[in-house]
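As structure tokens, the structure follows; a few thoughts come after it.
We're numbering straight along the sequence, starting at 1.
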Amino acid sequence: MSLVGNLEDLGLGEILQILSLSGKSGVLRLKSKTGEGRLLFQRGLIRSAQLRQGPVDLIDLIERAGLAQGAALETLRTRVHGGASVEEAVLASDILDAAGHEKLRREHIENAVLAMFSWNSGDFTFAIEDGAPGQMESGGLLLTPGNNAQFLALEGTRMSDEAGGVEAEQELRAHEDAACSPSGSDREAPAAAEAVASAAEFEAVLAEPETEEQASAALPDAVPVARGGDAAHFSAPVVAIDPELPMLEWIKGSLEELQTKVHVFQRSEQAINRIRQYLTRAERPLVLLSTETPADPVSGAANWAEISARLRAQVPQLRVVLLADPEAVMLQPPAGAEPDARSEKPRPTTLFDPRASEQRAALAEALRGAVRNAAQGGASRP
């Protein structure tokens, strides 16, 4: 059973999030003009990563990391030729202990995945292979138990957004007037709808229980894209800002049911760059600010209220939701910069307490409701 798509419609960050949450096992292959790679998933965790022209086994990885050279490397290879596995050969040496192996493999996976985030176009396939790791387990590069795909999705998205910030700022200066005009911001964005539909289809197929009969059945050659009508009842992308990574993970998970793109940022300047990227494409995102939104060093906006005011000054139709800490001192934004909707922010203990699952679910539903209400209210605002 396999799924096929392209990175223009469904980005790597979204793919990693979906595979992590679905807990699937299999091999994700990516191919772009600038590189090729594959990732081995087991129960939603990334256990191995390979890049074209990257390390082929643990010995190659040790050499590239500068941990051994010359005679030490020859000794390792001699042991492998003598019948030992790569991992056995390395453990028999004094180069690395078991903990060192895991650290090196984990860093290798992280570096490989983050390198793949630079591939903005290309194709991907995911072959579901429940059970043993399969053909990628050789070479001593298999990590136990595996890397958190959701964390790497957030980190990779953050880094790619940061790398694209300068280019986005240049585009903004060239097109800001057209992007912020009422006629431009009201135009439809069919490409965004296609991406949303692709993500929904990808997640839906992975969520289906498998039987032996289904596993052997043929699948379509490609993931279906946008459908007409109500295929995506909420199409506006969401840009969220909060300094805490666990809170961002909760936000992204809470908004999954909306079947739209959700971009999360710990730094305000990166989020504002992403907002401007959408505006230059004549798309108007919904902005989710928390009461702890950090200052923007570029504009000098000191808090969420000032950031909201500056964004609204440029795009009056922009929709804003405030995720409010009930214990925080509530700021009063200037007239015209008030949020379209508010929702309560979960306390840190609520996020991690297994006994608070019902409360988390209620807060998540309230957040989705606030986002929907803001979308409707923002559409009627002048």
Side-chain angles (χ1 to χ4, degrees), residues 12 15-16 19-20 23-119 122 124-156 158-160 163:
L12 179 56
I15 296 171
L16 295 183
L19 292 177
S20 175
K24 290 295 184 180
S25 300
V27 178
L28 174 67
R29 292 178 173 84
L30 302 125
K31 184 176 182 180
S32 74
K33 293 181 179 180
T34 55
E36 295 181 24
R38 55 182 181 169
L39 302 173
L40 170 68
F41 284 81
Q42 193 166 28
R43 297 184 182 91
L45 297 173
I46 302 176
R47 295 202 60 193
S48 185
Q50 292 180 356
L51 290 171
R52 184 181 63 185
Q53 299 179 344
V56 297
D57 58 24
L58 185 58
I59 296 176
D60 192 10
L61 183 58
I62 288 172
E63 181 179 10
R64 295 185 185 216
L67 299 176
Q69 55 186 347
L73 289 173
E74 288 302 318
T75 299
L76 290 177
R77 294 190 175 103
T78 299
R79 287 173 178 162
V80 173
H81 292 157
S85 69
V86 172
E87 191 162 5
E88 288 172 342
V90 175
L91 282 173
S93 70
D94 58 357
I95 297 173
L96 286 173
D97 58 13
H101 290 175
E102 290 295 279
K103 182 176 183 294
L104 191 62
R105 285 188 283 242
R106 187 175 299 279
E107 290 175 349
H108 165 63
I109 290 175
E110 292 175 356
N111 292 334
V113 172
L114 295 179
M116 294 177 190
F117 267 89
S118 65
W119 305 344
F124 74 86
T125 63
F126 180 70
I128 298 177
E129 300 174 1
D130 289 332
Q135 77 270 26
M136 287 181 65
E137 65 183 7
S138 62
L141 293 177
L142 198 64
L143 180 66
T144 304
N147 246 330
N148 186 315
Q150 289 194 63
F151 170 78
L152 289 177
L154 289 169
E155 182 65 12
R158 182 190 68 79
M159 291 184 64
S160 60

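E74 is linked by a side-chain hydrogen bond (donor to acceptor under 3.5 Å, both in side chains) to nothing, counting only residues two or more places apart in sequence or in another chain. The side-chain contact (heavy atoms from CB on, under 4.5 Å) test applied to S118 returns no partner, not counting sequence neighbours. For R105, the salt bridge (charged side-chain N to carboxylate O under 4.0 Å, His left out) criterion is met by E87, E102, not counting sequence neighbours. In terms of the salt bridge (charged side-chain N to carboxylate O under 4.0 Å, His left out) criterion, residue partners of E36 (sequence neighbours excluded) are, by chain and number, R52. Qualifying side-chain hydrogen bond (donor to acceptor under 3.5 Å, both in side chains) partners for E155, counting only residues two or more places apart in sequence or in other chains: R158. Listed by chain and residue number, Q150, F151 satisfy the side-chain contact (heavy atoms from CB on, under 4.5 Å) test with N148 (two or more places apart in sequence, or in another chain).
Side-chain contact between L58 and L104 is present, with heavy atoms from C-beta onward closer than 4.5 Å.
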**Request:** For side chain to side chain contact (heavy atoms under 4.5 Å, CB included), just list the numbers for F41 and I46, CA-CA rounded to whole Å, side-chain angles, deciding distance to a tenth of an Å, and then say yes or no.
**Result:** CA-CA 5 Å; F41 284 81; I46 302 176; 3.6 Å; yes
**Message:** As a quick check of understanding, evaluate side chain to side chain contact (heavy atoms under 4.5 Å, CB included) for L40 and Q50, giving each step before the final call.
**Reply:** CA-CA 9 Å; L40 170 68; Q50 292 180 356; over 6 Å; no
**Request:** Could you give me the CA-CA distance, side-chain angles and deciding distance for R47 and T144, then say whether side chain to side chain contact (heavy atoms under 4.5 Å, CB included) is met?
**Result:** CA-CA 7 Å; R47 295 202 60 193; T144 304; 3.3 Å; yes
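The two residues A149 and G44 come nearest to each other via the heavy atoms CB-O, 3.8 Å. Across all non-hydrogen atoms, the minimal contact from W119 to S32 is CG-OG, 3.4 Å. Nearest heavy atom pair, residue L141 against residue S48, reads O-OG, 3.8 Å. Heavy atoms only, all atoms of each residue included: L28 and I15 are closest at CD2-CG2, 3.8 Å. Closest heavy-atom contact between P55 and L61: CG-CD1, 3.8 Å. When all heavy atoms of L114 and L152 are compared, the closest pair comes out as CD2-O, 4.4 Å.
A salt bridge does not link R106 with E110: every distance from a Lys NZ or Arg NE/NH1/NH2 to an Asp or Glu carboxylate oxygen is 4.0 Å or more.
Judged by distance alone, with hydrogens and angles left aside, the side-chain atoms of R29 form no donor-acceptor pair with the main-chain N or O of F124 at under 3.5 Å.
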